[in-house]
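Here's the structure, in structure tokens; my notes come after.
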Amino acid sequence: MFNKRIKIKALLAEENTGFEATVMGWVRTFRNNQFIALNDGSTNNNLQVVASLGEFEDSTLKRLTTGACIKVTGQVIASLGKGQKVELKAATIEILGDSDAEKFPLQPKKHSLEFLREIAHMRFRTNTFGAIFRIRHSLAFAIHQFFNDKGFVYLHTPIITASDAEGAGEMFRVTTLPLDGSAPKNEDGSINFKDDFFGRSTNLTVSGQLEGELAAMAFSDVYTFGPTFRAENSNTTRHLAEFWMIEPEVAFNDLEDNMNLAEAFIRYVIKYAMEQNKEDLEFLAQRLEEEEKQKPQQDRSEMGLLDKLNFVVNNDFERLTYTEAIEILRESNHNKKKKFQYLIEGWGVDLQSEHERYLVEKHFKKPVILTNYPKDIKSFYMRLNEDGKTVAAMDILAPGIGEIVGGSQREERLDKLTARMAEMHIPAEELNWYLDTRRFGSCPHAGFGLGFERLVQFVTGMGNIRDVIPFPRYPKSAEF
RNA sequence: UCCUCCUUAGCUCAGUUGGUUAGAGCAUCUGACUGUUAAUCAGAGGGUCUCCCGUUCAAGUCGGGAAGGGGGAGCCA
């Protein structure tokens, strides 16, 4: 029954008319007791279905409410009205699912993103979220295509991990032990995990990087793309407790290769979305433009969404070292006039959001790659530079959303790595498996982590990360 | 977790120095019209003013607390 259906996107692209077609979808509006705007999610554009006067029972027409699901068969004809090239003249209309108009929460009008977030199970049916999630899909697909074309192996790293030494953030505990206090305890009162499901303490992964490195020491080029969990109490527009991360890890790459890969990757996936989701991006660009008009002049961005994406695709990112960045910031008028909340005085401190924003949005006005940070503000696995005080790290900062990529050349020298771990009080015995890569055929290698939702945010122009993942998880929120 | 702002109809919002029966637009319902494009026109229904405590003759309005939400910061991707 269903396989004769034609998707609305395909039907709207059809050059010919005068043939019979069956469509299925959800009613967006029903105007004038005759005109159904029908959407099936294949595109934001609705198909106009015409139910000619007198040809349908009143009882049927009454059920054509916003949100109802219907099946229509009829003739595809050139539209008699303006606004669309073709329309479907209905011969039969079957109601597949009623929608009580008094209770259906979506109305043919503008809704706030905050309201739609409360009905995330329904928001797919709006133009905005339709566009966002089709673009999200394209980006995900493009990611696999990019790496596949380059001969990378897609590695599935575990979601449940035993290691708690990765240092990437607070973890969610995974256990089958009872929570009522009856769990077995050690002599010192701490929980004894011997009888837990895995016989040890386990957590949800915060990163697949360490496992990625293991595989890179065999396949040379690998990447992961999967869910990641952080139990940080972060309440911001760019953090989630459950998010998707892309983590390539490449043997024989140094920091510069790593930057080149990241830049090529970002360009590729954006370009892909621009080709595949032209209409959706135009819709979101329009939406953003109207939103910008509500803001005071000084807060408006200079470039529209499409200009911004084109700019990123066609221009190199700005590359500079942490030391150079500090110099620019220290010499900036902004700093001299004490406009930063945290003034830049010396070398060695981590940059605040306001500093990153200044560099990206005011000084360079494009994505920036910062490299060679002081070792003391970075992770243990990053390669120590010749100067002995910086590491071969890189962060890519994007306008509007800040850090989109964090990566580094890894420390491949066993003695240097273990020394660093000792300094940072990371128990080497727990990461013996990781250190084995440095013991048996170690090699220079590099990789990075890219937050998928931040990428989707950048491409769609959405301001809040909770609006670019179907069902966002964040503190005090795990509905749906 | 910290700072800050917000919470009034299904949605988006007005609501004056505290003062009778809390308003508008959209949505919904009823009717009219019938080639509409967020259709139009007429009418109707719809409120525990987030919750608790307090001040007062009187609280949507003032004070305290809680919950939820927005924005910013930190942590980071």
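All values reported here derive from a predicted model rather than from experimental measurement. Order of the sequence lines fixes the chain letters, A, B, ..., with proteins taken first and strands second; residue numbering starts at 1 for each chain.
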Study note, to complete from the structure: Secondary structure of RNA chain B per the Watson-Crick/G-U criterion (both distances under 3.5 Å; [ ] crossing, | other strand, . unpaired) is (((((((..((((.....[...)))).(((((.......))))).....(((((..]....))))))))))))....
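- Here salt bridge (charged side-chain N to carboxylate O under 4.0 Å, His left out) pairs that include residues 343-352 of chain A, with residues two or more places apart or in two chains, number zero.
- For A:Asp316, the side-chain contact (heavy atoms from CB on, under 4.5 Å) partners at least two apart in sequence or on another chain are A:Glu263, A:Arg267.
- Among residues at least two apart or in separate chains, salt bridge (charged side-chain N to carboxylate O under 4.0 Å, His left out) pairs with a member in residues 74-89 of chain A are A:Glu55-A:Lys89.
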Under 3.5 Å, side-chain donor or acceptor atoms of residues 102-109 of chain A against the rest of the protein: list the pairs with distances, not counting sequence neighbours.
none

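- Take A:Gln145 and apply the side chain to side chain donor-acceptor pair (under 3.5 Å) test, not counting sequence neighbours, and it matches A:Tyr268.
- For B:A77, the base is stacked against the aromatic ring of A:Phe243, per a cut-off of 5.5 Å between centres and 30° between planes.
- Sorted by residue number, the list of members of residues 127-141 of chain A with any non-hydrogen atom under 4.0 Å from RNA chain B is empty.
- You won't find any donor-acceptor pair under 3.5 Å spanning the side chain of A:His111 and the base of B:C11, going by distance alone.
- Among residue pairs with one or both ends in residues 447-460 of chain A, those qualifying as salt bridge (charged side-chain N to carboxylate O under 4.0 Å, His left out) are A:Arg136-A:Glu453; sequence neighbours excluded.
- Every residue two or more places apart in sequence or in another chain that forms a side chain to side chain donor-acceptor pair (under 3.5 Å) with A:Ser138 is listed here: A:Asn277.
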Output a table of nitrogen or oxygen pairs between the protein and nucleotides 40-50 of chain B separated by less than 3.5 Å.
none

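- A donor-acceptor contact under 3.5 angstrom links the side-chain atoms of A:Gln107 to the base of B:G10.
- You'll find a donor-acceptor pair under 3.5 Å spanning the side chain of A:Arg230 and the base of B:A77, going by distance alone.
- In summary, of the residues considered (A:Thr390, A:Asn372, A:Asp395), a side-chain hydrogen bond (donor to acceptor under 3.5 Å, both in side chains) with A:Lys378 occurs for A:Asp395 alone.
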Pairs under 3.5 angstrom, nitrogen or oxygen only, protein versus nucleotides 32-35 of chain B, please.
unit_1, atom_1, unit_2, atom_2, d
B:U34, O2', A:Gln34, NE2, 3.3
B:U34, O2, A:Asn32, O, 3.0
B:U34, O2, A:Asn32, OD1, 2.1
B:G35, N1, A:Glu87, OE2, 2.8
B:G35, N2, A:Gln48, NE2, 3.4
B:G35, N2, A:Gly81, N, 3.1
B:G35, N2, A:Glu87, OE1, 2.6
B:G35, N2, A:Glu87, OE2, 3.1

Exercise for review: Sugar-phosphate atoms are those with a prime plus P, OP1 and OP2; base atoms are the rest. Using that split, label each nucleotide of nucleotides 67-73 of chain B B, S or - for protein heavy atoms under 4.0 Å, 5' to 3'.
Suggested key: ---SSBB
